[in-house]
Amino acid sequence: MPSKTSLFNKELILDILRSTGWISIVYFLGLTFALPIRMLMMYTDDIDTNHLVPVRNLFEYDYAIQLGLLMVVPILLAVFMFRYLQVKPAADFMHSLPVRREKIFHHYALAGMAGLILPVAIIAASVFLLHGALSLDRYFGSEDIVYWAAATVLLNLLLFTAGVFVGMMTGISAVQAVLTYIFLVFPAGITLMVFYNLKILLFGFPSDYYMTINLEKLSPLTTAALLNERILHGWELLLFAALTLLLYCMSLYLYKRRKIESSTEAIAFPKLRSLFKYGVTFCTMLVGGVYFSEVQNNSIGWIAFGYVIGAIIGYLAAEMVLQKSWRVFGRVKGLAVYGVVMAILITIVQMLGIYENNVPGQDEVKSVILTDTPHIYSGAENYGFNYSPSPIEGEDNIKAVRKLHEQIVSDKKVNQFAGGEEPVETAFFLYELKNGDKVIRQYRVNRLLYEDFYKSIHESEEYRRASNEIFSISPEEVNHLTITSNGPSNHFVTINKPQEIKEIIAAIQSDILQESYADSRYFGYYQPSIEVVIQKDHFIHLNLNPSYKKLNKWLEDKDLIEKVKVMPEEVSYVQIGKYEKEKHDSFEVNVEQIAQDFEKRADVLKVTEKKQINEILNTAGMGDKHQYVAVLHFEGRVYPELLYFDEEHTPDFIKKAIK
């Protein structure tokens with residue numbers, strides 16, 4: 001009679017249970033506290049539970065505990081499960097057994113998976129029982145339990161197989177754990193670093209646009225960190241399952257080819273050691289460039305220093321790991337070769353100039369968007385935007401935008417390292433070409449240098465209609481409007497009558513079309529705010545600028561103006577002096593200190609006459625060309641407020657008094 005070989009080796013399974021079973025028990029106990037016990041505490045409390053609301057998913061219950069377990073347990077289990085590979089006597093013994101290599105691998109890998117699945121399955125079953133026993137339908141449904149179990153299991157298995165895959169390539173357990181986390185965040189991390197460095201090296205590269213296109217989905221760790229805030233799509237769960245299967249097969253392939261004597265080696269396969277060394281060097285070089293770019297305000301010298309010091313640190317650190325010794329400072333030949341290669345590549349990129357100088361021709365462009373907010377075109381839903389401005393298609397406007405773009409490109413040396421004390425902001429261009437392609441560029445510019453260009457674009461009716469959401473809605477969609485003052489009393493008025501809403505929307509639209517570019521840039525600071533409520537989570541926010549003539553007239557006719565604006569009667573007096581940037585414009589500006597300083601100065605104007613105070617309230621703004629600063633002292637309030645004036649909007653009586 002032929003002998004039969006069992007698929008399961010009892011001795012191997014017992015050994016696995018003895019060495020790693022405790023991890024599954026700890027995982028089970030952690031989940032027990034996070035879900036069943038937490039639910040019992042919440043829903044069997046003696047207090048009234050009517051205030052409790054449905055949850056988005058079961059990850060909202062003690063998510064800190066769930067996330068901690070999810071990020072630690074699978075990788076810890078992968079390290080301990082294949083610990084025998086990293087200890088030479090254990091590796092020799094295990095592979096001397098009359099058991100094929102792939103069978104050993106399957107026993108340990110599948111046992112690890114079972115150790116992650118069973119605790120989740122038991123907890124899911126217990127939550128099902130609680131759901132029925134406590135009638136928890138109003139808080140979550142049965143499908144939520146299934147989703148929680150599926151998402152948890154699939155992420156667990158993906159992290160576990162990632163840990164196993166990395167473990168096949170290293171002979172040190174500590175290195176396995178560290179490299180597993182690096183491996184898991186690498187796709188998102190390297191993408192982020194490459195985009196940021198392209199922004200440094202290529203003038204006009206739209207890094208913000210690309211860095212907001214769901215980068216969190218490139219790493220299972222960042223995906224896990226958001227499980228309590230978003231529901232995973234079915235395709236994402238299928239992707240996790242496919243990646244798990246792929247990593248499992250790749251791990252088996254490497255296991256069968258791994259040499260037993262590679263235990264205690266940082267990288268088990270000699271051919272991968274150079275990849276590891278230069279990969280670490282490249283990554284730390286990118287980090288060094290980004291760091292010094294940020295802290296030294298894009299100084300080209302410091303950026304180059306960051307690249308050099310980052311590469312040196314990365315190369316030596318990788319050599320120390322590979323050689324298991326700090327005595328590696330004489331092994332720098334590879335670093336020198338790497339440095340020469342990178343210098344040549346960077347020089348080529350800088351010399352080409354094709355990307356940087358590419359401004360689409362007038363006859364190529366179908367439409368264009370010009371804005372200072374790239375995020376709304378790459379990840380609007382992630383940044384809380386309800387509205388993305390529309391492209392402009394008029395020939396004259398496209399020509400004006402291209403003219404601005406060409407001037408920015410020609411001013412590369414001025415704009416490439418713009419910053420410091422200059423009023424810097426983003427200029428984002430998104431061209432849609434007639435052939436279906438897109439050209440996207442992003443720059444940091446000193447807007448004051450291009451005011452004439454911006455003025456011609458922003459004052460066009462097409463641009464204003466395309467860039468202001470108020471033109472994209474009809475009054476019938478509006479639930480109500482609220483106009484709130486910014487004064488000490490913070491009074492407001494709510495308008496919900498359809499006819500009045502219609503009149504206000506029409507007035508706002510007309511005022512936006514009539515407002516000058518200078519006023520649109522200047523006003524907004526300390527002006528009443530308008531909130532147009534479309535739906536529960538959809539709002540339009542505007543300011544009630546003094547330049548909005550029709551809307552202000554409408555409010556006066558309805559006797560509402562005093563309810564929405566700071567009135568002169570609320571102000572005790574105003575101190576006005578010459579603007580000094582170092583004293584009056586910083587994140588740590590001390591208004592009380594400025595007021596005390598003004599009290600001692602003879603060149604400061606003190607205004608108490610209510611008509612003049614009203615003129616101050618209607619002409620103060622923000623802008624970028626401050627000439628005067630005013631300190632408002634309110635009746636019955638200790639803390640004053642700070643306002644600014646530019647030359648154009650400063651009342652004549654102030655100019656005459658302060659020379």
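All of these numbers come straight from a predicted model, not from anything done at the bench.
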Could you walk me through whether S485 and K565 pass side-chain hydrogen bond (donor to acceptor under 3.5 Å, both in side chains), step by step? CA-CA 5 Å; S485 76; K565 299 187 77 171; over 6 Å; no
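- With sequence neighbours excluded, no residue satisfies salt bridge (Lys or Arg N to Asp or Glu O under 4.0 Å) with E635.
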Could you walk me through whether E229 and L226 pass the side-chain contact (heavy atoms from CB on, under 4.5 Å) test, one step at a time? CA-CA 5 Å; E229 298 179 6; L226 299 173; 3.6 Å; yes
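- Using the six-membered ring where Trp is involved, H649 and Y522 have ring planes that are parallel, under 30° apart on the 30 and 60° scheme.
- Taking the six-membered ring where the residue is Trp, the centroids of Y443 and F428 are separated by 6.0 Å or more.
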Go through T222 and V185 one step at a time and tell me if the side-chain contact (heavy atoms from CB on, under 4.5 Å) criterion holds. CA-CA 8 Å; T222 51; V185 300; 5.7 Å; no
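- Remark: R447 is positioned above the aromatic ring of Y454, its terminal NZ or CZ atom under 6.0 angstrom from the ring centre and at most 45 degrees off the axis.
- In D396, the CG atom is not crowded: 12 or fewer heavy atoms of neighbouring residues, nucleotides or ligands sit closer than 6.0 Å.
- The residues E647 and K655 are annotated as salt-bridged, a charged nitrogen and a carboxylate oxygen being separated by less than 4.0 angstrom.
- Within the 4.5 Å cutoff, no side-chain heavy atoms of F195 are placed close to those of K199.
- Salt bridge present: E459 and K455 bring a charged side-chain N and a carboxylate O closer than 4.0 Å.
- A cation-pi arrangement is found for R441 relative to Y355, the charged atom lying closer than 6.0 Å to the ring centre and inside a 45° cone about the ring normal.
- If you check the side chains of N545 and Q527, you find no donor sitting under 3.5 Å from an acceptor.
- One finds a salt bridge joining R521 and E425 here, because a Lys/Arg side-chain nitrogen approaches an Asp/Glu carboxylate oxygen to under 4.0 Å.
- Shown here for I392 and A466, the closest heavy-atom pair between the two residues is CG2-CB, 4.0 Å.
- Taking the charged nitrogens against the carboxylate oxygens, E236 and R230 do have a contact shorter than 4.0 Å, which makes a salt bridge.
- Ionic pairing of E364 and K434 is not present here: no N-O contact between side-chain nitrogen and carboxylate oxygen is shorter than 4.0 angstrom.
- Residues satisfying the ring pair (Phe, Tyr, Trp, His ring centres under 6.0 Å) test with Y517, not counting sequence neighbours, are H458.
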Report the C-alpha distance between W148 and E143 in whole Å, list the side-chain angles of each, state the deciding distance to 0.1 Å, and finish with yes or no for side-chain hydrogen bond (donor to acceptor under 3.5 Å, both in side chains). CA-CA 9 Å; W148 172 85; E143 66 280 3; over 6 Å; no
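- Here the closest non-hydrogen pair linking H480 and T494 is CD2-CG2, 3.9 Å.
- With sequence neighbours left out, the salt bridge (Lys or Arg N to Asp or Glu O under 4.0 Å) criterion links E461 to R465.
- Using a 30° and 60° split on the angle between ring planes, Y61 and F140 fall in the perpendicular class, above 60°.
- Atoms CD and CG, on Q407 and N415 in that order, are 9.0 Å from each other to the nearest 0.5 Å.
- The aromatic rings of H633 and Y573 lie parallel to each other, with less than 30° between the two planes, well short of the 60° mark.
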What verdict does the salt bridge (charged side-chain N to carboxylate O under 4.0 Å, His left out) test give for E393 and K366, after you've listed the backbone C-alpha separation in whole Å, the side-chain angles of each residue and the deciding distance to 0.1 Å? CA-CA 6 Å; E393 300 178 347; K366 177 183 176 183; 5.9 Å; no
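- The neighbour count for E580 CD, taken as heavy atoms of other residues, nucleotides or ligands under 6.0 Å away, is above 12.
- With sequence neighbours excluded, the residues satisfying side-chain contact (heavy atoms from CB on, under 4.5 Å) with E556 are K553, I561.
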Does the pair I473 and I540 meet the rule for a side-chain contact (heavy atoms from CB on, under 4.5 Å), with working shown? CA-CA 10 Å; I473 64 169; I540 300 175; 3.8 Å; yes
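- A salt bridge is absent between K399 and E395: the closest approach of a Lys/Arg side-chain nitrogen to an acidic carboxylate oxygen does not fall below 4.0 angstrom.
- Shown here for N197 and G289, the closest heavy-atom pair between the two residues is OD1-CA, 4.4 Å.
- Counting heavy atoms from C-beta on, the side chains of P640 and L632 never come closer than 4.5 Å.
- Within 6.0 Å of the NZ atom in K549, the count of heavy atoms belonging to other residues, nucleotides or ligands does not exceed 12.
- Summarising the geometry, atom CG belonging to L542 is positioned 7.5 Å from atom CG belonging to N468; distances are rounded to the nearest 0.5 Å.
- Closest approach of Y628 and I658 over heavy atoms only: OH-O, 3.7 Å.
- Note: L430 CG to E432 CD = 8.5 Å, rounded to the nearest 0.5 Å.
- Here F203 contributes atom CZ and L198 contributes atom CG; the two are 15.0 Å apart, rounded to the nearest 0.5 Å.
- Using a 4.5 Å heavy-atom cutoff, the side chains of Q509 and I470 are in contact.
- Side chains of S529 and F492 form no contact here, defined as non-hydrogen atoms less than 4.5 Å apart.
- Ring centroids of F634 and Y639 are separated by 6.0 Å or more, keeping the two rings apart.
- With rounding to the nearest 0.5 angstrom, the CD atom of E570 is 9.0 Å from the CG atom of L617.
- Rounded to the nearest 0.5 Å, atoms CG (L370) and CZ (F453) are 12.5 Å apart.
- Within a 6.0 Å sphere centred on CD of E531, other residues, nucleotides and ligands contribute more than 12 heavy atoms.
- The ring pair (Phe, Tyr, Trp, His ring centres under 6.0 Å) test applied to Y579 returns H626, not counting sequence neighbours.
- Taking the side chain as every heavy atom from C-beta outward, I530 and L551 approach each other to under 4.5 Å.
- Just one residue in the list V439, N397, I398 forms a side-chain contact (heavy atoms from CB on, under 4.5 Å) with V368, and that residue is I398.
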Test side-chain contact (heavy atoms from CB on, under 4.5 Å) applied to L544 and V564, step by step: CA-CA 9 Å; L544 176 56; V564 299; 4.0 Å; yes
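- Considering every non-hydrogen atom in both V359 and Y431, the closest pair reads CG1-OH, 4.2 Å.
- Between the side chains of Q499 and E503, at least one donor-acceptor pair of N or O atoms lies under 3.5 Å.
- In terms of the ring pair (Phe, Tyr, Trp, His ring centres under 6.0 Å) criterion, residue partners of F598 (sequence neighbours excluded) are, by chain and number, H584.
- The number of heavy-atom neighbours closer than 6.0 Å to CG of D452, taken from other residues, nucleotides and ligands shown, is 12 or below.
- Defined by atom type and a distance below 3.5 Å, a donor-acceptor pair is present between the side-chain atoms of E469 and H538.
- Between V194 and L286 there is a side-chain heavy-atom pair separated by less than 4.5 Å.
- Between I501 and P475, the closest heavy-atom pair is CG2-O, 3.9 Å.
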